[in-house]
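Here's the structure, in structure tokens; my notes come after.
A note on names: the letters A, B, ... follow the listed sequences, proteins ahead of strands, and every chain is numbered from 1. Basis for what follows: all heavy atoms, side chains included, without hydrogens, waters or symmetry-related copies. Given the structure is predicted, the values throughout are model-derived calculations rather than measurements.
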Protein chains: 2
Amino acid sequence: MNFQQLRAVREAVRCGYNLTEVAQALHTSQPGISRQIRELEDELGVALFARAGKRLTGLTEPGRELLPVVERMLLDAHNLRRLADDHLHGETGTLSVAATHSQARYALPTAVRDFRATHPQVRLHLHQGSAQQVAQMLLDGSADIGIASRALDEHADLVAMPCYRWTHCVVVPPDHALIDGELTLARLAAYPLVTYDQGFTGRGSIDDAFARAGLAMQIVLSAMDADVIKTYVELGLGVGVVASIAFDEQRDAPLRALDARQLFPINTTLVGMRRGAVLRRYAYRFVETFAPHLTPAIVRPLQMAAGGGAVPAPL
Amino acid sequence: MNFQQLRAVREAVRCGYNLTEVAQALHTSQPGISRQIRELEDELGVALFARAGKRLTGLTEPGRELLPVVERMLLDAHNLRRLADDHLHGETGTLSVAATHSQARYALPTAVRDFRATHPQVRLHLHQGSAQQVAQMLLDGSADIGIASRALDEHADLVAMPCYRWTHCVVVPPDHALIDGELTLARLAAYPLVTYDQGFTGRGSIDDAFARAGLAMQIVLSAMDADVIKTYVELGLGVGVVASIAFDEQRDAPLRALDARQLFPINTTLVGMRRGAVLRRYAYRFVETFAPHLTPAIVRPLQMAAGGGAVPAPL
DNA sequence: TATCCTTACGGAATTCGTAAGCATG
DNA sequence: CATGCTTACGAATTCCGTAAGGATA
């Protein structure tokens with residue numbers, strides 16, 4: 001048994017059981033991969049992969065059972081290097097943060113600024129994507145820390161911790177009729193709306209609110225980020241619904257924001273990381289900078305916990 | 001990084017940093033071990049072992065931090081083989097149970113009989129030793145399951161689950177004065193006692209009871225097991241104090257047992273296993289046979305839950 | 001027929017043990 | 001001076017990529 005074999009197995013699953021693709025991903029030859037897998041199967045005495053003729057089609061039942069252990073071993077190998085790097089390079093290195101647009105644009109900047117000030121030697125990589133993409137980047141190791149409002153707590157191999165809560169607000173041109181009087185979903189429903197795409201920045205909670213009130217909304221335009229939304233509201237296309245953090249009185253002077261925290265469900269922004277993955281020391285500092293209650297002492301045990309069970313009662 | 005290197009590191013710690021001894025343990029040459037360790041250190045970039053001149057004297061701080069991960073990786077390698085064996089050999093294989101004398105002699109026999117009946121293909125190895133030895137056998141992998149009253153819950157790398165509770169009883173010849181009237185510690189203290197050695201079968205709780213009552217006991221003879229104790233009580237050497245399960249009315253006809261459950265603290269027998277170690281399917285069946293409330297569904301999650309010490313704290 | 005996996009083979013790199021060297025208690 | 005680790009070196013093994021072969025959608 002060696003790590004090359006384990007890597008081949010993991011990558012084979014990731015690549016949809018296409019060994020040619022695995023070979024490319026691992027920068028080696030395809031027959032090599034074929035051998036690695038066969039050798040491991042021979043050593044263990046069980047077939048890990050189901051085959052249709054010569055082609056691999058999926059995992060066998062033993063394969064499904066062994067795969068998590070294989071992945072943990074490779075993760076631990078990575079952890080070993082990370083821990084060593086921490087001692088070798090101290091507060092120097094890189095940190096990959098994946099975030100949704102809203103977080104990257106409105107929530108992260110101050111944390112990034114403060115972190116840069118205290119950790120000038122750390123090169124920050126900021127990746128942007130949908131919540132699902134953020135989760136995927138954590139899972140495949142291309143991001144250390146993920147920040148999004150959802151999706152991060154829907155995978156057993158990720159640990160999600162709440163950072164802060166937020167709600168949406170309504171943005172309108174300064175002379176809009178909605179500014180006067182109480183804001184209600186019913187009044188809102190009367191106007192064409194401009195808001196987030198399905199699956200972005202709490203769009204779900206907007207839909208939920210209208211659905212629960214039995215109201216239909218007319219979305220005239222949807223976009224992935226608040227900047228685009230606000231631009232179209234300025235053009236008079238409709239009423240905007242964006243995350244409160246996305247509105248700044250000075251920067252967005254041509255518009256007015258209306259408090260809408262009673263109208264829509266509260267959203268929670270989560271910070272997520274791969275369960276069991278050791279991160280560089282400064283990564284935990286970054287989390288703390290972003291969400292001061294998430295200290296390393298809080299985060300580490302949560303991240304390593306396997307998900308507990310009840311203590312059995314003796315007779 | 002390869003498993004040979006990891007094994008060398010683990011064994012070096014186990015062998016007290018004597019590489020010559022490590023080489024023997026791993027059936028290889030000493031320069032080989034020396035190289036394995038140095039190569040791993042070179043690859044990681046940090047020294048794992050502290051050295052005085054050429055000799056290894058202990059772990060460095062990085063070494064202490066990395067060691068748990070190294071051990072988990074090797075344990076996972078072992079787990080992989082175990083899981084594969086389960087699919088290869090089904091209900092066939094060996095099972096090593098380590099137990100204290102009391103457990104092996106009085107508590108285990110019916111469980112062993114029942115298990116043998118349902119799993120005729122499993123070769124049982126029953127090891128005997130002190131509670132500390134049982135714990136050690138679990139830790140170094142020479143036993144799968146440990147059964148003892150203490151010591152199993154004192155190590156972060158072991159998981160201990162309560163099986164059943166028991167107390168001591170007093171055994172005397174059939175004409176003894178203690179048979180009449182209420183049994184008290186004070187009356188007991190008046191007689192020479194025959195009981196377990198220090199560290200065996202709840203000897204601690206006997207000492208505690210007398211100490212708390214402010215009474216001195218005169219132990220005329222102590223032994224490691226109840227059979228020896230009962231023999232000397234038969235010879236009239238003194239009054240015996242043994243575990244209740246160790247007395248059988250018919251088998252021990254020449255003696256009388258007096259209920260002493262109010263006199264001494266209750267003891268709990270524990271079943272222990274290595275944290276995170278995957279066992280063969282039938283091993284969990286054995287535990288269930290011995291303690292019916294400890295079903296595989298209860299035991300597995302408990303065993304895999306993260307314990308202390310597995311992961312180093314940051315900062 | 002194009003894709004994908006296996007087998008065969010030869011060169012290269014790695015691994016490992018023996019023997020000798022050196023520091024230390 | 002005995003113990004314990006390192007260095008040096010040559011043999012054996014393992015590893016890996018190229019090339020050819022065969023099965024399947």
Side-chain angles (χ1 to χ4, degrees), chain A residues 1-60 62-63 66-67 70 73-74 77 80-81, chain B residues 1-60 62-63 66-67 70 73-74 77 80-81:
Chain A
M1 186 187 310
N2 61 52
F3 288 102
Q4 201 72 342
Q5 295 166 348
L6 301 181
R7 267 189 288 271
V9 167
R10 177 178 66 177
E11 209 60 31
V13 176
R14 288 187 179 174
C15 292
Y17 315 107
N18 181 329
L19 300 196
T20 309
E21 203 180 324
V22 173
Q24 288 171 242
L26 298 184
H27 309 103
T28 181
S29 70
Q30 182 274 318
I33 297 297
S34 211
R35 241 199 323 265
Q36 305 290 1
I37 289 180
R38 178 167 297 280
E39 278 174 11
L40 183 59
E41 289 184 325
D42 286 350
E43 184 180 337
L44 293 176
V46 291
L48 302 178
F49 293 95
R51 289 164 171 86
K54 289 188 169 181
R55 310 202 175 189
L56 278 66
T57 57
L59 286 169
T60 60
L66 298 215
L67 183 66
V70 169
M73 292 174 77
L74 290 170
L80 225 45
R81 286 184 251 270
Chain B
M1 186 186 311
N2 61 51
F3 288 103
Q4 202 73 341
Q5 294 166 348
L6 301 181
R7 266 189 289 271
V9 168
R10 176 178 66 179
E11 210 61 31
V13 176
R14 287 187 179 172
C15 292
Y17 314 105
N18 180 329
L19 299 196
T20 309
E21 202 180 325
V22 172
Q24 289 171 244
L26 297 183
H27 309 101
T28 182
S29 69
Q30 182 274 318
I33 296 298
S34 211
R35 242 201 322 265
Q36 304 290 3
I37 289 181
R38 206 153 26 73
E39 278 174 11
L40 183 59
E41 289 184 324
D42 287 349
E43 183 180 339
L44 293 177
V46 291
L48 303 178
F49 293 96
R51 291 164 170 84
K54 290 188 170 183
R55 312 205 172 188
L56 278 67
T57 56
L59 286 169
T60 60
L66 298 211
L67 184 65
V70 169
M73 292 174 77
L74 290 170
L80 225 44
R81 286 183 251 271

Taking every non-hydrogen atom, the tightest pair across Arg81(B) and Glu43(A): NH1-OE2, 3.1 Å
From dC5(D), dC5(C), dC15(D), nucleotide with atom closest to Asn2(A) side chain: dC15(D)
Tabulated below should be each protein N or O lying under 3.5 Å from an N or O of nucleotides 23-25 of chain C; please produce it.
residue, atom, partner, partner atom, Å
dT24(C), O2, Arg55(B), NH2, 3.3

OP1 or OP2 of dG17(D) under 4.0 Å from side-chain N/O of Gln30(A): no
Interatomic distance, Ile33(B) CD1 vs dT3(D) P [rounded to whole Å]: 20 Å
Shortest non-hydrogen contact between Leu59(A) and Phe49(A), atoms and distance: CD2-CE2, 3.7 Å
Spacing of Arg7(A) atom CZ relative to dC16(D) atom P, expressed in whole Å: 10 Å
Met1(A) vs Met73(A) side-chain heavy atoms within contact, under 4.5 Å: yes
Approximate separation, where rounding is to 0.5 Å, of Phe3(A) CZ and Asn2(B) CG: 7.5 Å
Value in whole Å for how far the P atom of dG22(D) lies from CG of Leu19(A): 20 Å
Closest heavy-atom pair and its distance - Ala8(A), Ile37(A): CB-CG1, 4.0 Å
Sugar-phosphate, base or nothing in reach of Gln36(B), heavy atoms under 4.0 Å: sugar-phosphate
Atom pair distance, as rounded to whole Å: CD in Glu11(A) and C1' in dC5(C): 18 Å
Main-chain N/O of Ala50(A) paired to Thr60(A) side chain as donor or acceptor, under 3.5 Å: no
Check nucleotides 7-13 of chain D against the protein and report each pair of N or O atoms closer than 3.5 Å, with its distance, or say if there are none.
none

Presence of salt bridge, Glu41(B) and Arg51(B), under 4.0 angstrom: yes
Touch class at under 4.0 angstrom, heavy-atom based, for Phe49(A) against every strand present: nothing
Separation of dA13(C) C1' from Gln4(A) CD (nearest whole Å): 14 Å
Length of the CD-P vector between Glu39(A) and dT14(D), whole Å: 10 Å
Distance, nearest 0.5 Å, that separates CG of Leu66(A) from CG of Leu44(A): 6.5 Å
Residue-level proximity of residues 20-29 of chain B to DNA chain C when a heavy atom falls under 4.0 Å: Thr28(B), Ser29(B)
Minimal non-hydrogen separation, Pro62(B) against Val46(B), with atom names: CB-CG2, 4.2 Å
Distance-minimising heavy-atom pair for Leu40(B) and Leu6(B): CD2-CD2, 4.0 Å
Sole residue of Leu74(B), Leu26(B), Val22(B) in side-chain contact (heavy atoms from CB on, under 4.5 Å) with Arg10(B): Leu74(B)
Identified side-chain contact (heavy atoms from CB on, under 4.5 Å) counterpart of Ile33(A) within the set Val9(A), Thr28(A), Thr20(A): Thr28(A)
Phosphate contact (dT3(D) OP1 or OP2) by Asn18(B) side-chain N/O below 4.0 Å: no
Euclidean distance, atom CD of residue Glu41(B) to atom P of dC5(D) [Å, nearest integer]: 13 Å
Separation of atom CZ in Arg51(A) from atom C1' in dT24(D), rounded to whole Å: 16 Å
